[in-house]
Amino acid sequence: QVQLVESGGGSVQVGGSLRLSCAASGSTARSYCMGWFRQAPGKEREGVAGISPSGAYTYYADSLKGRFTISRDNAKNTLYLQMNSLKPEDTAMYYCAADLTPCSPVVGRTGVEYRFWGQGTQVTVSS
């Protein structure tokens, strides 16, 4: 199993940036597929970006390409989400998720295939 703890959320103005982090416990954390999901009030959870265990492959929701970047540092057992040019519609609770290979899709999914989740970190973008 792996335990996940997100951090880095906060309040930012339109056009600002935030970097979310997700610290994974366990020596095998680097073997896990990982992804970021978000859920806004009254909306279904949606996949934001996914990354393969090595970090060689990344996947993004089309609407977020060019603004969000997912990465991981396996030496530090940490997943990141760099978010730039933030918009009010990016306001949501952001969650990191992990599971073993084969990697389940993140984009276009709610993440039900992922077994391990963090507690979430709130991102609020105001105009």
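Heavy atoms only: backbone and side chains are in, while hydrogens, waters and symmetry mates are out.
- For R109, the side chain to side chain donor-acceptor pair (under 3.5 Å) partners two or more places apart in sequence, or in a different chain, are E113.
- By the salt bridge (charged side-chain N to carboxylate O under 4.0 Å, His left out) test, K87 pairs with no residue at all, sequence neighbours left out.
- Residue pairs meeting the side-chain hydrogen bond (donor to acceptor under 3.5 Å, both in side chains) criterion with at least one partner in residues 43-52, sequence neighbours excluded, are R38-E46.
- The hydrophobic cluster around Y59 extends to Y57, V107, counting ILVMFWY residues whose side-chain heavy atoms fall within less than 4.5 Å of a member.
- Atom SG in C22 sits 4.5 Å away from atom CG in L4 (nearest 0.5 Å).
- Note: L20 CG to E6 CD = 8.5 Å, rounded to the nearest 0.5 Å.
- A search for side chain to side chain donor-acceptor pair (under 3.5 Å) contacts involving N74 returns R72, not counting sequence neighbours.
- With sequence neighbours left out, R115 forms a side-chain contact (heavy atoms from CB on, under 4.5 Å) with D99, L100.
- Under the 4.5 Å side-chain criterion, counting only non-hydrogen atoms from C-beta, S25 is not in contact with N77.
- Sequence neighbours left out, not one pair with a member in residues 66-95 passes ring-ring contact (aromatic ring centres under 6.0 Å, His included).
- For the side-chain contact (heavy atoms from CB on, under 4.5 Å) test, residues two or more places apart in sequence or in another chain that qualify with T124 are S11, T91, Q122.
- Looking at residues two or more places apart in sequence or on another chain, you find no side chain to side chain donor-acceptor pair (under 3.5 Å) involving K76.
- The side-chain contact (heavy atoms from CB on, under 4.5 Å) test applied to Q1 returns F116, not counting sequence neighbours.
- Side-chain contact check for V2 versus T28: every heavy-atom pair is 4.5 Å or farther apart.
- For C33, the side-chain contact (heavy atoms from CB on, under 4.5 Å) criterion is met by P53, T101, C103, Y114, not counting sequence neighbours.
- Applying the side chain to side chain donor-acceptor pair (under 3.5 Å) criterion to Q82, with sequence neighbours excluded, gives N84.
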